[in-house]
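Worth saying up front: this structure is predicted, and the values here are computed from it rather than measured. Residue numbering restarts at 1 for every chain, and letters A, B, ... go by the order of the sequence lines.
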Protein chains: 2
Amino acid sequence: MNIGQAASASGVSAKMIRYYEQVGLIASPARTEAGYRDYSPDEVHMLRFIRRARDLGFSVEQMTNLLALWSDRSRASSDVKRFAMAHVVELERKMRELRAMADTLRHLAKTCHGDERPNCPIIEELSSGHEAVPPKPKRASSRRYGAH
Amino acid sequence: MNIGQAASASGVSAKMIRYYEQVGLIASPARTEAGYRDYSPDEVHMLRFIRRARDLGFSVEQMTNLLALWSDRSRASSDVKRFAMAHVVELERKMRELRAMADTLRHLAKTCHGDERPNCPIIEELSSGHEAVPPKPKRASSRRYGAH
DNA sequence: GATAGAGCTTCCAGTGACTGGAAGGTCAAG
DNA sequence: CTTGACCTTCCAGTCACTGGAAGCTCTATC
């Protein structure tokens, strides 16, 4: 199976497959005489695993760990569960940050008339208000991922 | 006011201030004879505005628009409100994606015993299951921002 | 057998929003 | 006059890709 077929069979693009190989997430596959990558059914299976893990928001580094857990026949199911739940906690932390942003913005927008006049509490609050997202103790938060 | 003072007065780090200047979000400030950046109170005020907007998840490009709305005395408040609400919609879209991931993962984890035995439905589902995030019609979704 | 076009190869550059660090100039205090 | 904090510029790295150029290979059609 060449890379294009492996891509459509797994749902991971050819570009991404090469990238994952480059960063060491997956091993280099066999090559045909012409130098084309040649994937076995097992490797395609692994690519599908990777795709699902990525859809669940796991990073490449975390997928490395997941693949290790997958192939480790002696690990306990609690190891997997702990890993999964740690990720759930992280996802929920990000959700809370997004929710705080949306709530603040909705609150500001509610007080804005939204008519043809220039007076706007949203801008005024950003311009001279107190903290933008008030109910947030002094945690060292990460942000990042606001909008692209 | 030099960059360090502007940074602590605005909550935007010196590195970020230079970056924002570099990418054109803010104009180059005056310089002292020695070449130090010298910020006026108005510029510090703008930096605070930027900080609040960033805390609400606006990108640099969006902040450019917000600054334009801020300084445009003739724009209607509806322009600002529309912009804000579009961002709320985007934030909510991201929240839904995160929630779908977390829900799927929690569901998988619930069926996992989490004991010392190797048998684990989480891994099994990733390995051979159907779609990872099932109740999702064929939208062209963006993912990205799973975990860093 | 020639040729077209799809698909493969490698490599380099860019994305967004920073962060870290090196090399060197400046300023205020002791 | 020295120390150390602060400023300057510039370059590289982060994360997970994506786009594109240049060139080789494969398959189908004429």
Atom [atom1] of [X] to atom [atom2] of [N]: distance rounded to whole Å?
X: B:Q22; N: C:dT19; atom1: CD; atom2: P; value: 13 Å
X: B:R31; N: C:dC27; atom1: CZ; atom2: P; value: 14 Å
X: A:Y39; N: C:dC8; atom1: OH; atom2: P; value: 10 Å
X: B:K94; N: C:dG16; atom1: NZ; atom2: P; value: 13 Å
X: A:M63; N: D:dC17; atom1: CE; atom2: C1'; value: 11 Å
X: A:Q5; N: D:dT27; atom1: CD; atom2: C1'; value: 13 Å
X: B:E21; N: D:dC10; atom1: CD; atom2: C1'; value: 14 Å
X: B:R51; N: C:dC18; atom1: CZ; atom2: C1'; value: 15 Å

> Which comes earlier along DNA chain D counting from the 5' end, the contact point of A:Y19 or that of A:E33, where each point is its nearest nucleotide?
Replying inline: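 Closer to the 5' end of DNA chain D: A:Y19.
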> Honestly curious: do A:Y36 and A:V12 fall in one hydrophobic cluster under the side-chain, below-4.5 Å linking rule?
Replying inline: no
Does [X] have a side-chain nitrogen or oxygen under 4.0 Å from the phosphate oxygens OP1 or OP2 of [N]?
X: B:R54; N: C:dG16; value: no
X: A:R37; N: C:dT9; value: yes
X: A:Y20; N: D:dA16; value: no

For [Y], does its backbone N or O pair with a side-chain atom of [X] as donor and acceptor, under 3.5 Å?
X: B:D38; Y: B:R31; result: no
X: B:R75; Y: A:P118; result: yes
X: B:H87; Y: A:L105; result: no

> Which of these nucleotides, D:dT9, C:dA17, C:dT26, is closest to any side-chain atom of B:A34?
Replying inline: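 From the listed options, C:dT26 comes nearest.
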> Picking from C:dT10, C:dG20, C:dA17, which would you name as closest to the side chain of B:K15?
Replying inline: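 Comparing C:dT10, C:dG20, C:dA17 against the side chain of B:K15, the answer is C:dG20.
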>> Regarding B:R18, tell me which of base, sugar-phosphate or nothing describes its non-hydrogen contacts under 4.0 Å with the strands shown.
In response: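 B:R18: base contact, heavy atoms under 4.0 Å.
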> Yes or no on side chain to side chain contact (heavy atoms under 4.5 Å, CB included) for B:E124 and B:N119, after CA distance, side-chain angles and deciding distance?
Replying inline: CA-CA 8 Å; B:E124 282 154 23; B:N119 181 280; 3.4 Å; yes
> Is there a donor and acceptor pair, one atom on the side chain of B:Y36 and one on the base of C:dG25, closer than 3.5 Å?
Replying inline: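 Side chain to base: pair found, below 3.5 Å.
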> Between B:T32 and A:A14, which is nearer to the 5' end of DNA chain C once each is assigned its nearest nucleotide?
Replying inline: A:A14
